[in-house]
Amino acid sequence: MNTDPNSPPVSPGLLARLWHRRGVRTALLLSLVFAACAGVWLWQNAFRREPLPVFNTPEEHFKYGALGYGTLGELQGFPLYLWPVLPELFADKLPGPGGWAAFGLVTEPGRDHPVGFAKVTVGFPGLVPNCALCHSGTVRTAPDEKPRLVLGAPAHQLDFDAFNNFVFACATDPRWCVSELLPRIERIAPLSASERLLYRLLIPGLRFKIGQQRRAFAWQATRPVPGCGRTDAFNRFKINILGLPDDGTIGTSDYPPLWNLKARDGLWLHWNGSGNNLHDELLLSVLPIIKGPAEFDPPGSARLAAFLRDLQPPKFPFPVDAARAAQGQQIFAQHCADCHAFGAAKTGQVTPLTELGTDASFLAMWTPKFVAKLQAINSPPFKFPTIRLTDGYCNVPLDGVWLRAPYLHNGSVPTLWDLLQPPAKRPATFATGGDLLDPVRVGFISAPGSPRKPFPFDTALPGNRNTGHTYGVELPDADKQALIEFLKTL
Ligand code: HEC
Ligand code: HEC
């Protein structure tokens with residue numbers, strides 16, 4: 001290196017020579033300005049996070065609030081403006097009439113998206129699922145009645161997998177293109193020039209991302225179709241989040257209720273009793289929905305938890321025969337309370353499968369490798385060191401049991417009356433997805449007029465067996481009826 005201050009200056013390099021040509025300088029400056037504008041546009045339209053929506057009541061927060069910024073298609077959420085267009089353009093792919101309602105999604109008047117989705121803006125407004133999607137259910141007491149939405153009830157009317165498959169099918173259809181989708185969007189929501197450009201990029205981008213997702217979820221097609229009120233949440237965790245190989249197990253389960261959590265504090269949760277730390281169990285469910293710890297919204301989650309701790313199931317909507325229920329209470333105390341009453345020693349503990357005899361598939365999905373991998377998650381606050389492997393299913397509290405049909409962890413028994421029959425006498429096939437309450441047997445009927453096609457549940461398929469849990473099956477019919485009368489009061 002030349003350090004002599006008297007030596008002549010180094011002759012200018014090629015870049016410097018070019019810089020002194022005006023045309024080149026202008027071009028360079030223009031491209032810098034263009035890149036800066038493109039950067040600002042991209043940030044504004046694809047990355048800028050608006051604050052999460054805040055709702056006045058905890059009920060609205062549960063239905064429409066976000067737990068953080070989402071992951072769907074890794075595009076931060078399903079673009080809001082595409083939402084009304086898909087069921088219109090791809091009506092031929094819907095399982096029935098009624099748009100999104102054909103999957104059991106519930107849209108309240110005045111809302112542009114269903115319960116169970118939060119509107120989150122990361123660049124563009126998108127929809128991200130929340131807990132109410134699978135944990136709120138509808139019920140009718142007469143065929144001509146408007147379905148009533150019960151927060152915290154299992155979403156027995158929802159066909160979540162069919163909903164996903166519909167989106168997968170749309171994105172692989174040749175009609176998923178700018179020339180088909182954009183004019184339909186503009187008919188509903190006039191777009192600015194910038195938004196139009198964004199959707200021109202989003203439409204093919206999403207097609208690609210959803211295609212990737214479809215391939216990642218291809219394992220689902222190799223399992224019996226879950227139908228309404230059920231999904232395989234934990235294989236999704238195992239394969240798609242934790243990256244473990246598909247081991248062919250079936251983890252399909254019924255949605256449990258999500259209410260009265262204060263009374264469940266310390267009890268083992270999840271159908272197999274895999275965790276008993278309420279805080280961790282809630283976070284475990286948040287993980288698949290948001291992008292990562294940095295996208296998580298702790299205050300929103302705390303508000304949700306506080307709401308769920310006190311949320312109570314509604315009362316049975318038909319008259320209850322008090323004298324008969326009192327008789328039923330005695331039978332319950334004798335045959336059921338040990339495992340099912342709050343405060344009883346065995347409630348919230350696990351009954352070994354060898355004693356219980358219900359379907360083994362869900363339990364087999366919980367492998368030592370899966371549990372070890374869950375225990376190893378270390379992205380605070382997402383840490384689950386106490387999650388465990390068990391050898392049976394949990395003695396679940398029965399609060400609001402009238403709203404929890406079909407029964408058992410795999411939803412294989414349609415009514416309480418059927419659960420009190422020996423397994424051979426329980427229905428081998430039945431329809432799921434209906435929300436008309438049968439006040440006698442206590443379960444749901446798929447009545448005409450329901451927007452959703454009933455799903456044919458077949459107990460002969462793997463994971464769907466309706467065996468076991470033979471408590472009370474030997475009781476005389478009158479006692480079973482009294483017992484059901486009491487169960488209506490829980
Ligand atoms: C895609 C549907 C889906 C969504 C969305 C969902 N869950 Fe669940 N949830 C399930 C299923 C299925 C189970 C039953 C699986 C099991 O018990 O292992 C379950 C079980 C649970 C349980 C155990 C309940 C008990 O009594 O054993 C809790 C707690 C829970 N979910 C909380 C949440 C929270 C909190 C959210 C939102 C952050 C949420 N879930 C979102 C499907 C869902
Ligand atoms: C030894 C403990 C035990 C006894 C006694 C017992 N149960 Fe259960 N019960 C369980 C277990 C475990 C499950 C979950 C089994 C499964 O899902 O595979 C269950 C599930 C249920 C469910 C389904 C809950 C849901 O949300 O789907 C109902 C209803 C029920 N029991 C009613 C009764 C009644 C009524 C009696 C008395 C006649 C009774 N049980 C006696 C252990 C017991």
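Whatever order the structure lists ligands and atoms in, that order sets their numbers, starting from 1. Fair warning: this is a prediction, and the values are worked out from it, not measured in the lab.
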TODO: Classify the contact between N410 and ligand 2 as side chain, backbone, both or neither, using a heavy-atom distance cut-off of under 4.0 Å.
DONE: neither

TODO: Below 4.0 angstrom from a heavy atom of V401, which ligand 2 atoms are there? Numbered from 1 as shown, please.
DONE: 29 (C)

Open item on the list: Under 4.0 Å from a heavy atom of S253: which atoms of ligand 1 are those, numbered in the order shown and with their elements?
Closed with: 12 (C), 14 (C), 15 (C)

TODO: State the atoms of ligand 2, each with its element, that fall below the 4.0 Å cut-off from a heavy-atom position in C394.
DONE: 11 (C), 12 (C), 13 (C), 14 (C)

Task: ligand 1 atoms in contact with F362 (distance to a heavy atom under 4.0 Å) - done: 16 (C), 18 (O)

Task: atom 8 (Fe) of ligand 2 to nearest N/O/S of H340 less than 2.8 Å - done: yes

Open item on the list: Could you identify the single nearest non-hydrogen protein atom to atom 22 (C) of ligand 1 and state the distance to 0.1 Å?
Closed with: H270 CE1, 3.6 Å

TODO: Hey, could you give me the OG/CG distance between S253 and D359, rounded to the nearest 0.5 Å?
DONE: 11.5 Å

Task: Distance filter under 4.0 Å to L416 heavy atoms, resulting ligand 2 atoms - done: 29 (C)

- [ ] Determine the minimum heavy-atom distance between T347 and L267, stating which atoms define it.
- [x] O-CD2, 3.6 Å

TODO: Decide, yes or no, whether a salt bridge links K238 with D247 under the criterion of side-chain N to carboxylate O below 4.0 Å.
DONE: yes

- [ ] Give the atoms of ligand 1, by number and element, whose distance to some non-hydrogen atom of N130 is under 4.0 Å.
- [x] 5 (C)

TODO: Return yes when P256 approaches ligand 1 closer than 4.0 angstrom through a heavy atom, no otherwise.
DONE: yes

Open item on the list: Just to check, does W268 reach to within less than 4.0 Å of ligand 1 when the distance is taken from its heavy atoms?
Closed with: no

Task: Within-cut-off N or O pair, H469 and ligand 2, under 3.5 Å - done: yes

Open item on the list: Assess, by modelled atom type and distance only, whether the side chains of D232 and Q220 contain a donor and an acceptor separated by less than 3.5 Å.
Closed with: no

TODO: Write out the residue and atom name of the closest protein heavy atom to atom 42 (C) of ligand 2, then the distance separating them to 0.1 Å.
DONE: N395 OD1, 3.3 Å

TODO: Select one of side chain, backbone, both or neither to describe which atoms of L475 lie under 4.0 Å from any atom of ligand 2, heavy atoms only.
DONE: neither

Open item on the list: Below the 3.5 angstrom mark, is there an N/O of R404, backbone or side chain, next to an N/O of ligand 2?
Closed with: yes

- [ ] Return the orientation label for the F90 and F166 ring planes: parallel under 30°, perpendicular over 60°, tilted otherwise.
- [x] perpendicular

Task: Top protein contact for atom 9 (N) of ligand 1, by heavy-atom distance - done: H135 NE2, 3.1 Å

TODO: Using a strict cut-off of 4.0 Å, indicate which atoms of ligand 1 neighbour a heavy atom of L282.
DONE: 35 (C)

- [ ] Among all protein heavy atoms, pick out the one at the shortest distance from atom 6 (C) of ligand 2; state its residue, atom name and that distance to 0.1 Å.
- [x] Y471 CD1, 3.3 Å

Task: Under 4.0 Å to a heavy atom of V286 - the qualifying atoms of ligand 1, by number - done: 38 (C)

Open item on the list: Applying the side chain to side chain contact (heavy atoms under 4.5 Å, CB included) criterion to N235, which one of W219, F217, F370 satisfies it?
Closed with: W219

- [ ] Measure from the ring center of Y64 to the ring center of H113 and say whether it is less than 6.0 Å.
- [x] yes

TODO: Using the six-membered ring wherever Trp is involved, compare the ring planes of F55 and H61 and label them parallel, tilted or perpendicular (cut-offs 30° and 60°).
DONE: tilted

TODO: Just need the protein heavy atom nearest to atom 15 (C) of ligand 2, so name the residue and atom and give the distance.
DONE: L356 CD2, 3.8 Å

Open item on the list: Closer than 4.0 Å to some heavy atom of F160 - which atoms of ligand 1 meet that?
Closed with: 1 (C)

TODO: Could you tell me whether a side-chain N or O of T470 sits under 3.5 Å from a main-chain N or O of V473, the two making a donor and an acceptor?
DONE: no

Open item on the list: Are W271 and Y393 an aromatic pair, judged by ring center distance below 6.0 Å?
Closed with: no

Task: Carboxylate-amine/guanidinium contact D161 R223, below 4.0 Å - done: no

TODO: Please identify which atoms of ligand 2 are closer than 4.0 Å to at least one heavy atom of T351.
DONE: 1 (C), 2 (C)

- [ ] Answer yes when D479 and R324 have at least one side-chain N-carboxylate O distance shorter than 4.0 Å, and no when they do not.
- [x] no

Open item on the list: Under a plain distance cut-off of 3.5 Å, with no hydrogens placed, do T351 and E355 share a side-chain donor-acceptor pair?
Closed with: no

- [ ] Just need the protein heavy atom nearest to atom 26 (O) of ligand 1, so name the residue and atom and give the distance.
- [x] L269 CD2, 3.6 Å

- [ ] Say whether D338 and ligand 2 are in contact under the criterion: heavy-atom distance to a ligand atom below 4.0 Å.
- [x] no

Open item on the list: Counting non-hydrogen protein atoms only, what is the nearest one to atom 5 (C) of ligand 2? Give residue, atom name and distance.
Closed with: H335 O, 3.4 Å

Task: Minimal non-hydrogen separation, I289 against L67, with atom names - done: CD1-CD1, 4.3 Å

Task: Y407 and W417 aromatic centres sub-6.0 Å - done: no

TODO: State whether a side-chain donor-acceptor pair under 3.5 Å links R236 with T231.
DONE: yes

- [ ] Using only heavy-atom distances, determine whether the side chains of N272 and R388 contain a donor-acceptor pair under 3.5 Å.
- [x] no

Open item on the list: Could you tell me, atom by atom, which parts of ligand 2 come under 4.0 Å of a heavy atom of T358?
Closed with: 16 (C), 18 (O)

TODO: Quick one: look at L408 and ligand 2, take heavy-atom pairs under 4.0 Å, and tell me if it's side chain, backbone, both or neither.
DONE: both

Open item on the list: If I take atom SG from residue C394 and atom NZ from residue K346, how far apart are they, to the nearest 0.5 angstrom?
Closed with: 12.5 Å

Task: Heavy atom of the protein closest to atom 36 (C) of ligand 2 (residue, atom name, distance) - done: C336 SG, 2.8 Å

Open item on the list: side-chain contact (heavy atoms from CB on, under 4.5 Å) for L398 and L487? Distances and angles first, verdict last.
Closed with: CA-CA 8 Å; L398 293 185; L487 291 175; 4.1 Å; yes

- [ ] Look at atom 37 (C) of ligand 1 and say which protein heavy atom is nearest, naming residue and atom and giving the distance to 0.1 Å.
- [x] C131 SG, 1.8 Å

Task: Proximal ligand 1 atoms for L67, defined as those under 4.0 Å from one of its heavy atoms - done: 38 (C)

Task: Atoms of ligand 1 close to S285 [distance to a heavy atom under 4.0 angstrom, numbered from 1] - done: 30 (C), 31 (N), 32 (C), 33 (C), 34 (C), 36 (C), 38 (C), 39 (C), 40 (N)

Task: Mode of F332 contact toward ligand 2 - side chain, backbone, both, neither (heavy atoms, under 4.0 Å) - done: neither

Task: Contact (N/O only, under 3.5 Å) between K346 and ligand 2 - done: no

- [ ] Please work out whether any backbone atom (N, CA, C, O) or any side-chain heavy atom from C-beta onward of I331 is under 4.0 Å from ligand 2, and answer side chain, backbone, both or neither.
- [x] neither

Open item on the list: How far is atom 2 (C) of ligand 1 from the closest protein heavy atom, and which atom is that?
Closed with: C134 SG, 1.9 Å

Task: Protein contact to atom 28 (C) of ligand 1 [nearest heavy atom, distance to 0.1 Å] - done: L258 CD1, 3.7 Å

Open item on the list: In this structure, is the centre-to-centre distance between the rings of Y255 and H156 below 6.0 Å?
Closed with: no

TODO: Among all protein heavy atoms, pick out the one at the shortest distance from atom 4 (C) of ligand 2; state its residue, atom name and that distance to 0.1 Å.
DONE: C339 SG, 3.3 Å

Task: Atom of D254, atom of G229 and distance for their closest heavy-atom approach - done: OD1-O, 3.0 Å

- [ ] Would you mind checking which non-hydrogen protein atom is closest to atom 17 (O) of ligand 2, with the distance to 0.1 Å?
- [x] H409 N, 2.6 Å

